[in-house]
Amino acid sequence: MCGIIGFTGTGDARGIILDGLKRLEYRGYDSAGIAVQNGNEINMVKAQGKVDNLISIAEKNDKLIGTCGIGHTRWATHGVPNDVNAHPHLSEDGKFALVHNGIIENQLEIKERLIKKGMTFKSDTDTEVMVQLLSYNYDGDIKKAILKTMSEIVGSFGIGVLCADNPGIVYTAKVASPIVIGLGVGENYFGSDITAFINHTKNVIDLDDNELAEVSKDKVTIYNYKGEEVKKSIRKVTWDIAAAEKSGYEHFMLKEIMEQPAAIKATIEPRIKDDKIVFDELNIDIKKFDRVLITACGSAYYAGCVGKNVIEKICRLHTSAEVASELRYSDPMIDEKTLVIAVSQSGETADTIAAMKEAKSKGAVVLAIVNVVGSTIAKLADYAIYTWAGPEIAVATTKGYTTQIAVFYMFAIWAAKQLGKIDDKKYVEYIQDIKRLPERAQRTLDLNTKVQKLADKYFHNKSIFFIGRYFDYAVCLEGSLKLKEISYIHSEAYAAGELKHGTIALIEEGRLVVAVCCYEPLLDKIISNIQQVKARGAEVLALAMEDNKKIFKEADDVLLVPKTDDIFMPIIEIIPLQLFAYYVAKNNKCDIDKPKNLAKSVTVE
Ligand code: F6R
């Protein structure tokens with residue numbers, strides 16, 4: 001939520017920062033701003049709306065000349081998205097410019113205190129409170145002032161700071177909001193994520209909570225909250241610029257859908273050695289747990305719903321999936337015999353982090369399934385299994401979700417073997433199935449043109465239902481979320497057997513019902529449900545396995561996907577639903593990669 005970039009070097013700070021903001025735009029896109037330092041002068045431009053609005057103004061502004069600066073693209077938390085509330089914010093004395101991700105919880109208290117000291121405020125943001133506090137705390141020693149300000153703030157922040165007295169130096173600090181420093185030659189960067197500067201350097205340092213970095217063109221010095229210098233290791237990023245670019249696709253979402261076979265392969269392959277599942281990162285004895293609790297938000301939670309079914313089915317270990325924003329406040333019944341699995345693409349989701357902390361405080365062991373290396377969730381967990389999906393830029397997750405499911409499959413099979421719940425024959429069969437998943441995902445993508453035609457037929461619908469049973473129901477939840485978040489069409493996912501308990505009242509002539517019929521043991525049941533909605537006038541688009549002949553008699557349209565063992569169907573069957581959402585949104589002329597009101601990486605509650 002919100003993107004930050006900072007740069008110092010010898011090049012044109014404006015061009016580098018604006019380019020970085022374009023890459024970061026997926027993190028927030030209601031307003032943006034840039035501040036460039038030239039000697040002791042700080043010049044700033046801000047604009048409501050997308051980064052392109054800022055670019056068109058900033059490029060014409062001759063004052064934005066300099067070799068050092070900061071930029072920000074915003075997802076509003078405090079104050080409506082307008083030019084005034086956009087970042088950077090300047091202190092009243094003009095000495096400091098600051099960009100900020102996160103939320104300052106005690107901002108009202110601080111603001112009142114500063115108003116009493118005679119300070120005035122222009123915006124409704126908590127960020128302006130922080131920059132004013134910084135200027136109030138400043139007595140000529142910037143490092144001291146930032147550390148003091150950090151100690152007075154309650155909440156989360158990743159910040160970038162310019163100080164008029166210190167030309168050529170950018171400062172950055174964080175608590176519970178990510179900051180990564182990029183090390184160049186004769187120039188250095190920082191960002192809320194690596195995409196901000198991946199075209200310039202792959203050598204990075206992950207800033208930890210309560211650390212402050214002083215970044216000049218030739219040197220990066222990092223301090224802890226006591227002001228002592230700390231030594232940090234440098235990490236080499238394994239993906240390159242192409243992964244963060246559209247590479248000829250119209251949208252990141254379509255590119256990321258198409259990347260799924262490769263992403264699943266990258267997640268699976270390193271963990272299968274001599275036809276055995278090996279988790280080098282997982283040194284735990286699964287036998288010591290009497291239950292598993294999966295927690296996450298949004299699509300990651302829906303991946304967890306699939307994970308719950310798989311773990312229970314093949315490990316016979318009691319497993320539940322709970323939304324993190326609920327779990328954190330529910331005084332959950334968790335103890336040291338509970339294995340909590342937190343799932344997250346970004347690794348920065350505030351509610352998931354809070355749920356993990358709650359679980360840890362009750363003695364649980366926490367395992368994270370996470371995509372972003374070095375993220376807060378990866379670090380907070382006792383164990384982390386990375387999904388190797390690469391950077392995900394589209395706000396609606398696709399390859400993030402399927403790689404999470406791939407990890408659940410491997411984890412469940414690994415655990416079932418440890419627990420003696422599957423025999424060697426079944427273990428070998430499962431491993432062969434897992435190895436075939438990338439190829440099956442690739443074959444499923446062949447449905448692209450057919451799905452596009454179906455989207456052409458159905459995109460005018462005002463409300464679309466998704467029904468399925470058991471594994472298929474878990475996938476319906478994700479299919480429905482994909483559709484509504486990017487096309488703004490009302491949609492609900494229903495356990496097919498639940499329809500008749502109320503929701504069937506909404507089925508009427510022409511209503512589209514997408515029926516997911518891939519869980520073979522319950523095929524006849526879902527067919528009855530199809531007949532029930534058809535009898536009330538619904539049109540049915542069915543998703544079924546490739547050898548399913550019966551379904552053609554029941555549904556108006558059919559999409560057939562490659563067949564595999566029942567438990568592995570979810571990772572396959574979601575792919576046409578992602579494509580369907582994509583093409584419906586495209587036909588409705590929606591901004592697919594940046595849906596309204598949303599942003600990638602939800603770092604606020
Ligand atoms: C939907 C989507 C969100 C995320 C959710 C959790 O397409 O992307 O629902 O899944 O915000 O995010 P992460 O996985 O980053 O914790």
Side-chain angles (χ1 to χ4, degrees), residues 238-239 242-243 247 249 252-273 275-279 281-282 296 299-300 302-307 309-311 314 341 343-346 368-373 384-394 396-414 429-448 451 471 474-475 478-479 482 518 543 545-546 561-579 582:
T238 49
W239 47 271
S247 313
Y249 285 95
F252 278 110
M253 183 176 176
L254 186 59
K255 176 181 175 238
E256 288 161 9
I257 290 173
M258 296 299 172
E259 281 172 352
Q260 288 180 108
I264 294 168
K265 189 164 185 228
T267 302
I268 288 170
E269 240 176 34
R271 294 171 173 128
I272 298 186
K273 292 176 190 151
D275 278 343
K276 287 193 180 60
I277 294 174
V278 181
F279 280 118
E281 58 275 72
L282 203 57
S299 296
Y302 294 147
C305 294
V306 174
N309 289 344
V310 180
I311 295 170
I314 68 172
I341 305 183
V343 192
S344 176
Q345 188 284 126
S346 65
I369 297 176
V370 59
N371 193 39
V372 176
V373 176
I385 302 178
Y386 284 110
T387 50
W388 296 116
E392 194 177 59
I393 309 289
T397 182
T398 51
K399 59 178 181 169
Y401 169 86
T402 41
T403 51
Q404 287 159 0
I405 293 183
V407 170
F408 272 118
Y409 289 147
M410 300 191 80
F411 173 81
I413 295 163
W414 173 86
E429 274 171 30
Y430 277 150
I431 302 237
Q432 295 316 313
D433 276 331
I434 290 231
K435 288 192 345 196
R436 283 187 210 112
L437 287 179
E439 177 267 320
R440 286 186 168 131
Q442 190 63 53
R443 269 205 291 138
T444 311
L445 286 169
D446 293 345
L447 288 170
N448 189 25
V451 177
F471 280 96
V475 175
E478 172 63 2
K482 260 333 49 116
C518 296
L543 190 66
M545 286 204 280
E546 58 198 349
V561 291
K563 185 178 166 121
T564 175
D565 187 283
D566 290 325
I567 66 163
F568 297 115
M569 285 312 295
I571 200 169
I572 301 298
E573 68 200 44
I574 190 59
I575 294 173
L577 301 186
Q578 295 167 338
L579 287 168
Y582 173 80

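- Although no hydrogens or angles enter the test, the distance criterion places no donor-acceptor pair under 3.5 Å between the side chain of Lys435 and the main chain of Asp275.
- For Tyr302 and Tyr401, the gap between ring centers reaches or exceeds 6.0 Å.
- Applying the side-chain hydrogen bond (donor to acceptor under 3.5 Å, both in side chains) test between Gln578 and each of Lys482, Gln260, Glu256 identifies Gln260 as the sole match.
- A salt bridge links Glu546 with Arg443; the closest basic N to acidic carboxylate O contact falls under 4.0 Å.
- Across every non-hydrogen atom of Phe408 and Gly304, the tightest pair is CE1-CA, 3.8 Å.
- Every side chain to side chain contact (heavy atoms under 4.5 Å, CB included) that Lys265 has, sequence neighbours left out, goes to Glu269, Pro438.
- Across every non-hydrogen atom of Ala296 and Val343, the tightest pair is CB-O, 3.2 Å.
- Looking at every heavy atom in both residues, Ile413 comes nearest to Phe568 through CD1-CZ, 3.9 Å.
- With hydrogens and angles disregarded, a donor-acceptor distance shorter than 3.5 Å links the side chain of Arg271 to the backbone of Thr267.
- Side-chain contact check for Phe411 versus Leu282: some heavy-atom pair is nearer than 4.5 Å.
- Smallest separation of non-hydrogen atoms from Gly400 and Gln345: CA-CG, 4.2 Å.
- Looking at Thr402, its side chain does come within 3.5 Å of a backbone N or O of Thr398 through a donor-acceptor pair.
- In this pair, Trp414 and Phe279 present their aromatic rings perpendicular. The plane angle is above 60°, beyond the 30 to 60° band.
- Contact check on Arg436 versus Asp433 returns a salt bridge, with a Lys/Arg side-chain nitrogen under 4.0 Å from an Asp/Glu carboxylate oxygen.
- A side-chain N or O of Glu392 and one of Thr397 form a donor-acceptor pair less than 3.5 Å apart.
- Between Thr444 and Pro562, the shortest heavy-atom distance links the atoms OG1-CD, 3.3 Å.
- Considering every non-hydrogen atom in both Ile405 and Ala303, the closest pair reads CG1-CB, 4.0 Å.
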